[in-house]
Amino acid sequence: MSAAPPPGQPATAWIGLGANLGDARAALRAAVHALAALPGTQLAQVSSLYRSAPVDAGGPDYLNAVVRLQTTLAPLALLHALQAIEQAAGRQRPYRNAPRTLDLDLLVYGDVQLHSPDLTLPHPRMGERAFVLMPLAELAPQLAQSIGTASQRAQAASQRIERLQGAQDWLTD
């Protein structure tokens, strides 16, 4: 495990957002506001909104985005805060890859590398997912290009995804 910043020093955290049940756009908008309201956390960037086909699952298309936070929350504290936001949005986990009202994934936390039963950083499957790589590339192209293997990126490139709206458009409409 790489060391997290000293307590009280902000770290850059990248969060993937997704939803495909109910009013997904409203759920993502509310999640962005909830993330910005977390203690010791500042919302730094928000990607455009994307529509993507489910990966390894059925159900309706997802709406997706990525945000960059500056936070003094430790990685596990941030993960628990993300899970609380999901629960408040009615997230249920009936089975793996089930459709969801809200999904928040901690993708990257500074340069921390962590492998625990609760959290793996960086997120182990983000290199295989266009719904992470495309919005991330919009905000941090070099970071997105450094993720995963060539075969993972090729797999992601074959997935159906489209950009819907610019970063500020979907947050205010």
Side-chain angles (χ1 to χ4, degrees), residues 1-7 9-20 27-28 31-32 34-35 38-41 43-47 50 52-57 59 62-89 91-159 161:
M1 174 178 146
S2 297
Q9 292 296 313
T12 299
W14 296 92
I15 312 298
L17 296 84
N20 73 337
L28 295 182
V32 169
L35 290 168
L38 290 174
T41 300
L43 182 66
Q45 282 183 292
V46 180
S47 76
Y50 292 78
S52 65
V55 175
D56 298 329
Y62 277 85
L63 294 183
N64 301 98
V66 168
V67 301
R68 178 173 65 93
L69 304 176
Q70 293 299 122
T71 186
T72 58
L73 294 173
L76 281 173
L78 180 56
L79 174 66
H80 294 141
L82 299 180
Q83 292 169 338
I85 294 168
E86 289 177 338
Q87 291 301 311
R91 170 76 188 262
Q92 297 180 7
R93 299 173 189 268
Y95 54 90
R96 181 171 157 73
N97 295 330
R100 51 205 69 166
T101 55
L102 182 63
D103 185 30
L104 300 175
D105 288 330
L106 178 51
L107 303 171
V108 175
Y109 184 97
D111 64 355
V112 172
Q113 294 184 14
L114 175 66
H115 299 282
S116 77
D118 296 325
L119 180 61
T120 300
L121 289 172
H123 191 290
R125 293 176 301 283
M126 67 179 167
E128 304 166 355
R129 296 174 170 173
F131 63 83
V132 169
L133 293 175
M134 285 188 65
L136 184 61
E138 178 185 324
L139 302 179
Q142 291 178 331
L143 177 59
Q145 290 172 352
S146 72
I147 292 171
T149 64
S151 64
Q152 286 176 319
R153 287 188 297 276
Q155 178 183 348
S158 71
Q159 296 165 3
I161 186 169

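Residue numbers start at 1 and run along the sequence shown.
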CA sep, side-chain torsions, deciding dist, call: L121, V108, side-chain contact (heavy atoms from CB on, under 4.5 Å): CA-CA 6 Å; L121 289 172; V108 175; 5.9 Å; no
Selection residues 64-87 - residue pairs positive for salt bridge (charged side-chain N to carboxylate O under 4.0 Å, His left out), sequence neighbours left out: E86-R91, E86-R93
I need the L69 CG to W14 CH2 distance, nearest 0.5 Å. 9.5 Å
Does the D103 side chain pair with the main chain of A19, one donor and one acceptor, at a distance under 3.5 Å? no
Partners of A130 by side-chain contact (heavy atoms from CB on, under 4.5 Å), sequence neighbours excluded? A156, Q159, I161
Starting at CD of E128, measure out to CZ of R153 and round the result to the nearest 0.5 Å. 12.0 Å
With rounding to the nearest 0.5 Å, note down the distance linking CG in L143 to CG in L133. 9.5 Å
Nearest-0.5 Å distance that lies between atom CG in L104 and atom CG in L102: 4.0 Å
Closest non-hydrogen contact found for I85 with A34 is CD1-CB, 3.8 Å
Could you verify whether a donor N or O on one side chain and an acceptor N or O on the other, from Q9 and T72, lie under 3.5 Å apart? no
M126 versus D105: any side-chain heavy-atom pair under 4.5 Å? no
Evaluation steps, side-chain contact (heavy atoms from CB on, under 4.5 Å), between L119 and Y109: CA-CA 11 Å; L119 180 61; Y109 184 97; over 6 Å; no
To check you understand the geometry: which heavy-atom pair defines the closest contact between L106 and A13, and what is its length? CD1-CB, 4.2 Å
Would you call I147 and L107 a side-chain contact if the rule is heavy atoms closer than 4.5 Å? no
Identified side-chain contact (heavy atoms from CB on, under 4.5 Å) partner of S52 from the options N20, L63, N64: N64
Heavy-atom side-chain contact between L78 and P75 under 4.5 Å: no
Considering all heavy atoms of both residues, which atom of G148 and which atom of Q152 are nearest to each other, and what is their separation? CA-OE1, 2.9 Å
Flag side-chain contact, heavy atom, 4.5 Å: T71 against L38: no
Spacing of CD belonging to E138 relative to OH belonging to Y50, to within rounding of 0.5 Å: 4.0 Å
Side-chain heavy atoms of Q70 within contact of T41, under 4.5 Å: no
